[in-house]
Amino acid sequence: MSEDIYDPVFVKGVFDRCSDQYVTFSWICSFGFTERWRRQCVELMPEPPASEPKGYDLMAGTGEVWPHLLKRFPGIGSITAVDISSGMHQRAMERLHAHRAHKIAFIEDDVLASDLPKESADFIISTFGLKTFNGAQHAKLAKVVAHCLKPGGVFCMIEASDPKGWWLRPLYLFHLKVMLPLIERTLLRGAQDFAKIGTYSTNFGDASAFAEMLRAEGLHVEFKRFFFGCSTAVAGSKPAAFARS
Ligand SMILES: C[S@@+](CC[C@H](N)C(=O)[O-])C[C@H]1O[C@@H](n2cnc3c(N)ncnc32)[C@H](O)[C@@H]1O
């Protein structure tokens, strides 16, 4: 029987096994672009309405976006990291973010099955957490975002994407499909797991369909491409007078 790569249990296993090497992997494989895109994601997010905003980092992983978030918004009251992989979060807290632990809470859960409270967030951010969902799961995620944001609350989510139409796309796909598996096999442990991350990325396409799903939930949404579409983002807000139940 073929594996369902979008089954949350399967995804959790992939990231639990990769957590040790994830930071190195994502840096090497993107030539440092992931770091730049995390910063650009934070820059694109509209200003949260509260003076000490509280919010979620969905699919937070090792918390790589927190330094950018706290630099732009030093008044942030708290960030609640939501991630299905405890391995990724442990990694975050032990090695990278022990000094900001007072601002960070953690929920270990499948975000789509979680019970995050209604209108509990001034902001929602997510970096590179969209690709491990299929279309139906994206539609659910759009509902979660609309449900959790306070009226006036803001969001930004970014994901590595397929730069369709870019003349260097064949080179990019060669990098993703040939070079990355080679780097994984020669330099990194857990080769099959990292190779799956490449598969998720090519399956994802870009964030334009997700933008439409967020609009269908009544949110204001801007769709933006970075670096010829190698990464795409959705950013916006929940209208201050939000009418849905
Ligand atoms: C590619 S990593 C991104 C991590 C981090 N945000 C970053 O910028 O590097 C994707 C993360 O999404 C998490 N994840 C995948 N599916 C999830 C789900 N259904 N619920 C919560 N987290 C999930 C994984 O455990 C993993 O840590």
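Predicted, not measured: the structure shown is a model, and the values here were computed from it. Whatever order the structure lists ligands and atoms in, that order sets their numbers, starting from 1.
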Worksheet item: Should the pair Phe210 and His138 be assigned to parallel (<30°), tilted (30 to 60°) or perpendicular (>60°) ring geometry?
Response: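 Tilted, since the angle between the ring planes falls between 30° and 60°.
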At less than 4.0 angstrom from any non-hydrogen atom of [X], what atoms of ligand 1 do you find?
X: Ser85; value: 25 (O)
X: Asp109; value: 20 (N), 21 (C)
X: Gly61; value: 4 (C), 27 (O)

Discussion item. Is there a side chain to side chain donor-acceptor pair (under 3.5 Å) between Gln40 and His68? Walk through the geometry before answering.
Written reply: CA-CA 9 Å; Gln40 289 178 319; His68 301 291; over 6 Å; no
Worksheet entry | Derivation of the side chain to side chain contact (heavy atoms under 4.5 Å, CB included) call for Arg38 and Phe128 | CA-CA 9 Å; Arg38 286 184 191 104; Phe128 311 113; 3.8 Å; yes
Practice prompt. Examine Lys224 relative to Phe226 and say whether NZ or CZ is less than 6.0 Å from the centre of the six-membered ring and inside a 45° cone about the ring axis.
Written response: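 Cation-pi check for Lys224 and Phe226: passes.
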Worksheet item: Is Glu43 paired with Arg72 through a side-chain N to carboxylate O contact shorter than 4.0 Å?
Response: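 Result for this pair is no, no salt bridge flagged.
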Worksheet item: Are Tyr200 and Tyr6 close enough that their ring centres sit under 6.0 Å apart?
Response: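 That pair passes the under 6.0 Å test.
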Say whether [X], considering both its backbone and side-chain N or O atoms, lies within less than 3.5 Å of an N or O atom on ligand 1.
X: Glu64; value: no
X: Ala60; value: yes
X: Val111; value: yes
X: Met59; value: yes

Discussion item. I'd like to know whether ligand 1 has Lys131 as a neighbour, heavy-atom separation below 4.0 Å.
Written reply: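 Lys131 counts as a contact of ligand 1 under the 4.0 Å cut-off.
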Item to complete: Kindly determine whether Gln137 and Asn134 satisfy side chain to side chain contact (heavy atoms under 4.5 Å, CB included), including the steps that lead there.
Response: CA-CA 5 Å; Gln137 290 168 322; Asn134 60 27; 3.2 Å; yes
Applying a heavy-atom cut-off of 4.0 Å, say which part of [X] lies close to ligand 1: side chain, backbone, both or neither.
X: Val11; value: side chain
X: Arg38; value: side chain
X: Phe128; value: both

Worksheet entry | Heavy-atom nearest option to atom 21 (C) of ligand 1, drawn from Leu141, Val144, Ile84 |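 Checking each option, the heavy atom nearest atom 21 (C) of ligand 1 is found in Ile84.
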Item to complete: With atom 11 (C) of ligand 1 as the reference point, say which of Asp83, Val65, Thr132, Asp57 has the nearest heavy atom.
Response: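 When every heavy atom of Asp83, Val65, Thr132, Asp57 is considered, Asp83 comes closest to atom 11 (C) of ligand 1.
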Fill in: Criterion side-chain contact (heavy atoms from CB on, under 4.5 Å) against Val234, the qualifying member of Val145, Val221, Asp206
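It is Val221; the other options fail the test.
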Worksheet entry | Any side-chain heavy-atom pair of Ile124 and Cys148 under 4.5 Å |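 A side-chain contact exists here, since the closest heavy-atom pair is under 4.5 Å.
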